[in-house]
Participant: 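Questions regarding the structure given below will be posed in turn.
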Amino acid sequence: MTKVRVRFAPSPTGALHIGGIRTALYNYLFAKKHGGTFILRIEDTDQGRFVPGAEEYIIEALNWVGLTPEEGPGFGGEFGPYRQSERKEIYHKYAHELVGLGNAYYAFDTPESLEALRSAEANFTYNHTVRDGLDNSLNKGMEYAEKRIAAGDAYVIRLKVTPGETVHIPDLVRGDVMVQSSELDDKVLLKADGMPTYHLANIVDDHLMEITHVIRGEEWLPSAAHHVLLYQRFGWTDTMPKFAHLPLILKPVGNGKLSKRDGAKFGMPVFPLDWKGQSEEEFFQGFREAGFIPDAVVNFLALLGWHPGDDQEIFTREELISAFSVEHIGKSGARFDFEKAKWFNHKYIQDLGDAELMNFVKPLVQAKGYKVSDEYLQKALAMMKERVTFLSDFVEEAYYLFEPVRKYDEESIAKKWNTNLGPFFAGLKDILVTFEPFSSLSLEDMTKKMMLESGFKPGEILPMLRIALVGTMKGPAVFDTAELLGREETISRVDSFLQHVQAN
RNA sequence: GGUCCGUUCGUCUAGGGGUUAGGACACAUCCCUUUCACGGAUGAAACACGGGUUCGAUUCCCGUACGGACUACCA
């Protein structure tokens, strides 16, 4: 059995969106599952759409989610170069070889003239029914073509599709997909600028790189017939890779596939990492910056269009690899459900060990300028971890664990505060100065005893103590918070609260 | 328009000729908790429609409807 080799082949035309990450993930899982090789190939044959920084973004994004290629630009490998722009001569050679075989031809029609034909006739396509009336070597002969090429005229090479064949696309997800060759147009293989189109480049590269399985988005299914035809014309059918066309990721609401604009529209990230384009319009938030754990994103994505066959939802990387199979990839488009993504992240944060969690949160804490010990931070995280959805919540929602209360929940104060409480809190404050041990349990004990003696109910005191310490009615147990904050800070916050409340 | 692909709770999906059609997210109620969460329990919620085939179809076949992708010298 030949070794499994799969490739992820993005085009560096901007940020790699989350659907691309899923495609990469499925390729990666498939490779790992079968002890194969996961390859990155950069499809930069469109010089007009090249975006600086896009390739770096792709690689950084793959690294972030832990889908590091074993071969690719900067990753080594025996089948390079892995950037298509660096393989120009190879495509040139194969395109001309196909012409020699009589399976492709030179065409001189300009983009403008074809555009004119298209606007004149709505359904115009460059195919077997019209090519005889156009400007190409099929129509006007090889001699004519060679003369024009020698004269330096621009030309493209087109695939010569012969009608009357049934093209079978063996698809691991959809079975045997059939297309009549008469429906197919004579696709451009080599462009006038000497670069190949996707169709030529991906066949030549997959063949040369000994790719065994092509796992890509469903948007490629319509052109897959051309690709099969190309394998046939080159005489490579024996080693033609198996195809698996993945279902699309759809918009959260409405119709159509998820697009980059949907992020801003629905207030959620659709990219792995922040992307900063030229204009403000071209800024897109990333899952990383939104406070996601990469493994949570991977887990979420894995289940978006694939199912393990049982009821398991949470998977380690290893479990994902061993459970993965193309047979369980779904056929229909999957709606992007951000609520589910949030749940995965929340779940992952809860299940993460404190030390590991600290690695994620520490940079956020430092970015805010908070200076706390690892010990303090670890305790704070342990207290908060089941209450947060995003990593950033640790420093946003729970800012009060790192700095004084910014804002009191006035509504709760209005409801619960009355001046009779003043002496109680003043008394509590005095006791706190020397109270030992300053621990959650004994603090609670002491306070309860005080309430008993003074006749106040817990419902009167505790909510106000909470507001005093953290400003809000949400959050960890109030005495745990006091213990973490420590004696000095606790007293200071009770003091500030008293001043605030008496000022009003 | 043409070609191709698809259609099970609101969403992600399991299942598959005879099932109380299963799980998860979200939602609701309750318990736990004098906060918020976590956790637990319960609930509401689906086989697009019409024809076949069959003793029996949500499952197989054919249509219809609806949705989607593609339709460039873009990938």
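The model shown is predicted, which means the values in this text are computed figures rather than measured ones. Numbers restart at 1 for each chain; the letters A, B, ... are given by sequence-line order, proteins then strands.
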Participant: Would R83(A) and E55(A) pass as an ion pair if we require N to O under 4.0 Å?
Facilitator: yes
Participant: Give, ordered by number, those residues of residues 15-23 of chain A having at least one heavy-atom distance below 4.0 Å to an atom of RNA chain B; if nothing qualifies, reply none.
Facilitator: none
Participant: Mind checking the C1' distance from U58(B) to U3(B)? Whole angstroms is fine.
Facilitator: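 Approximately 30 Å lies between the C1' atom of U58(B) and that of U3(B).
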Participant: With the threshold set at 4.0 Å, does a side-chain nitrogen-carboxylate oxygen contact exist between R493(A) and E489(A)?
Facilitator: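 A salt bridge links R493(A) with E489(A).
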Participant: If each of K347(A) and L248(A) is mapped to the nucleotide of RNA chain B with the nearest heavy atom, which maps nearer the 5' terminus, i.e. the 5' end?
Facilitator: K347(A)
Participant: OP1, OP2 of U71(B) versus side-chain N and O of N123(A): anything below 4.0 Å?
Facilitator: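 It does not, given that no N or O in the side chain of N123(A) lies less than 4.0 Å from OP1 or OP2 of U71(B).
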Participant: Roughly how far, to the nearest 0.5 Å, is CD1 of I461(A) from OG of S454(A)?
Facilitator: 6.0 Å
Participant: For a side-chain contact (heavy atoms from CB on, under 4.5 Å) check, start with the C-alpha distance between Y94(A) and L190(A), then their side-chain angles and the critical distance, and finish with the verdict.
Facilitator: CA-CA 10 Å; Y94(A) 281 102; L190(A) 200 69; over 6 Å; no
Participant: According to salt bridge (charged side-chain N to carboxylate O under 4.0 Å, His left out), does anything in residues 159-170 of chain A pair up with another residue at least two apart or in another chain? List the pairs.
Facilitator: E165(A)-R233(A)
Participant: Quick one: side chains of residues 248-260 of chain A, donor-acceptor pairs under 3.5 Å with protein atoms, not counting sequence neighbours, listed by atom name and distance.
Facilitator:
from	atom 1	to	atom 2	distance (Å)
K251(A)	NZ	D262(A)	OD1	3.1
K251(A)	NZ	D262(A)	OD2	3.0

Participant: Before you tell me yes or no, could you show the steps for V161(A) and N127(A) under side-chain contact (heavy atoms from CB on, under 4.5 Å), namely the whole-Å CA-CA distance, both residues' side-chain angles and the distance that decides it to 0.1 Å?
Facilitator: CA-CA 7 Å; V161(A) 178; N127(A) 65 11; over 6 Å; no
Participant: Measure up the H17(A) and F271(A) rings against each other and bin them: parallel (under 30°), tilted (30 to 60°), perpendicular (over 60°).
Facilitator: perpendicular
Participant: Just call it for G256(A): base, sugar-phosphate, or nothing, with non-hydrogen atoms closer than 4.0 Å on any strand.
Facilitator: sugar-phosphate
Participant: Between U35(B) atom P and D480(A) atom CG, what is the distance in whole Å?
Facilitator: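 Rounded to the whole Å, the gap is 14 Å.
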Participant: P atom, A26(B) versus A21(B): distance in rounded Å?
Facilitator: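 Between the two P atoms, the distance is 26 Å.
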Participant: Would you mind telling me which of T481(A), D480(A), V478(A) makes a side-chain contact (heavy atoms from CB on, under 4.5 Å) with S440(A)?
Facilitator: D480(A)
Participant: Could you tell me the separation between the OH atom of Y399(A) and the C1' atom of C36(B), rounded to a whole number of Å?
Facilitator: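 Spelled out: OH on Y399(A) to C1' on C36(B) is 15 Å.
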Participant: Taking only the P atom of each, what is the distance from U19(B) to A57(B) in whole angstrom?
Facilitator: 12 Å
Participant: Taking atom P of C36(B) as reference, at what distance in whole Å does atom CZ of R387(A) sit?
Facilitator: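 Rounding to the nearest Å, CZ of R387(A) and P of C36(B) are 10 Å apart.
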Participant: Under 3.5 Å, sequence neighbours excluded: what are the donor-acceptor pairs made by side chains of residues 295-305 of chain A?
Facilitator:
from	atom 1	to	atom 2	distance (Å)
D295(A)	OD1	R317(A)	NH2	3.2
N299(A)	OD1	F315(A)	N	2.9
N299(A)	OD1	Y348(A)	OH	2.5
N299(A)	ND2	E313(A)	O	3.0

Participant: With 3.5 Å as the limit, what N/O pairs link the protein to nucleotides 45-48 of chain B?
Facilitator:
none

Participant: Going by the rule side chain to side chain donor-acceptor pair (under 3.5 Å), which residues pair with D205(A) if we only count those two or more places apart in sequence or in a different chain?
Facilitator: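 D205(A) satisfies side chain to side chain donor-acceptor pair (under 3.5 Å) with Q84(A), R87(A), Y91(A) only.
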Participant: Is the distance between the ring centroids of F456(A) and F424(A) under 6.0 Å?
Facilitator: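 Between F424(A) and F456(A), the centre distance is under 6.0 Å.
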Participant: Could you list all N or O pairs between the protein and nucleotides 63-66 of chain B that sit under 3.5 Å apart?
Facilitator:
none

Participant: Could you tell me how far C62(B) sits from U7(B) if I compare only their P atoms? Round to whole Å.
Facilitator: 14 Å
Participant: If a pair satisfies side-chain hydrogen bond (donor to acceptor under 3.5 Å, both in side chains) and one of its residues is in residues 183-200 of chain A, list it, with sequence neighbours excluded.
Facilitator: Y105(A)-D186(A), R131(A)-D186(A), D185(A)-K187(A), D185(A)-H226(A), Y198(A)-R216(A), H199(A)-H227(A)
Participant: Does P476(A) reach a base, just sugar-phosphate, or nothing at all? Heavy atoms under 4.0 Å.
Facilitator: base
Participant: Taking the same atom, C1', in G15(B) and in U33(B), what whole-Å distance lies between them?
Facilitator: 40 Å
Participant: Just checking A224(A): base, sugar-phosphate only, or nothing, at a heavy-atom cut-off of under 4.0 Å?
Facilitator: nothing
Participant: Between N or O atoms, less than 3.5 Å apart, protein on one side and nucleotides 72-75 of chain B on the other: list the pairs.
Facilitator:
from	atom 1	to	atom 2	distance (Å)
C73(B)	OP2	R158(A)	NH2	3.2
C73(B)	O2	A192(A)	N	2.7
C73(B)	N4	D109(A)	O	2.7
C73(B)	N4	P111(A)	N	3.3
C74(B)	OP2	K191(A)	NZ	3.1
C74(B)	O2'	D46(A)	OD2	2.7
C74(B)	O2'	R49(A)	NE	3.3
C74(B)	O2'	R49(A)	NH2	3.3
C74(B)	O2	R49(A)	NH2	3.0
A75(B)	OP1	T45(A)	OG1	2.7
A75(B)	OP1	K191(A)	NZ	2.8
A75(B)	OP2	Y198(A)	N	3.0
A75(B)	O3'	E43(A)	OE1	3.2

Participant: Measure up the F292(A) and F287(A) rings against each other and bin them: parallel (under 30°), tilted (30 to 60°), perpendicular (over 60°).
Facilitator: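 F292(A) vs F287(A) ring planes: perpendicular.
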Participant: Just to be sure I understand the rule, does M178(A) reach a base, reach only the sugar-phosphate, or reach nothing, if contact means heavy atoms closer than 4.0 Å?
Facilitator: sugar-phosphate
Participant: Taking G23(B) as the reference, what is the distance to A45(B) when you measure between their C1' atoms (whole Å, please)?
Facilitator: 14 Å
Participant: Return a single string for nucleotides 7-12 of chain B, one symbol per nucleotide in 5' to 3' order, where B is base contact, S is sugar-phosphate-only contact and - is none, cutoff 4.0 angstrom on heavy atoms.
Facilitator: S---SB
Participant: Say you pick atom P in C5(B) and the same atom in C61(B); how far apart are they, in whole Å?
Facilitator: 13 Å
Participant: Please report the distance, rounded to the nearest Å, between CD in E218(A) and C1' in G67(B).
Facilitator: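 Going from E218(A) (CD) to G67(B) (C1'), I get 11 Å.
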Participant: Listed by chain and number, what are the side chain to side chain donor-acceptor pair (under 3.5 Å) partners of T13(A), not counting sequence neighbours?
Facilitator: none
Participant: Who is the Watson-Crick or G-U wobble partner of G67(B), with both distances under 3.5 Å?
Facilitator: C5(B)
Participant: Please report, rounded to the nearest Å, how far the P atom of U13(B) is from the CZ atom of F300(A).
Facilitator: 10 Å
Participant: Go through C70(B), A26(B), G39(B) for me and flag the one nearest to the P222(A) side chain.
Facilitator: C70(B)
Participant: Can you name the residues that form a side chain to side chain donor-acceptor pair (under 3.5 Å) with D44(A), not counting sequence neighbours?
Facilitator: S85(A)
Participant: Using atom P in both nucleotides, what's the gap between U54(B) and C49(B) to the nearest angstrom?
Facilitator: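 Comparing P positions in U54(B) and C49(B) gives a spacing of 23 Å.
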Participant: Any side-chain N or O of H226(A) less than 4.0 Å from the OP1 or OP2 oxygen of C4(B)?
Facilitator: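 No, H226(A) has no side-chain N/O under 4.0 Å of OP1/OP2 on C4(B).
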Participant: Whole Å only: how far is the CD atom of E183(A) from the P atom of G2(B)?
Facilitator: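 Taking atom P of G2(B) as the reference, CD of E183(A) is at 11 Å.
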Participant: Flag this pair as yes if the NZ/CZ of R148(A) is under 6.0 angstrom from the six-membered ring centre of F108(A) and inside a 45 degree cone about the axis; otherwise no.
Facilitator: yes
Participant: Nearest whole angstrom, please: distance from the C1' of C38(B) to the CG of D351(A).
Facilitator: 11 Å
Participant: With heavy atoms under 4.0 Å as the rule, sort Q350(A) into base, sugar-phosphate or nothing.
Facilitator: sugar-phosphate
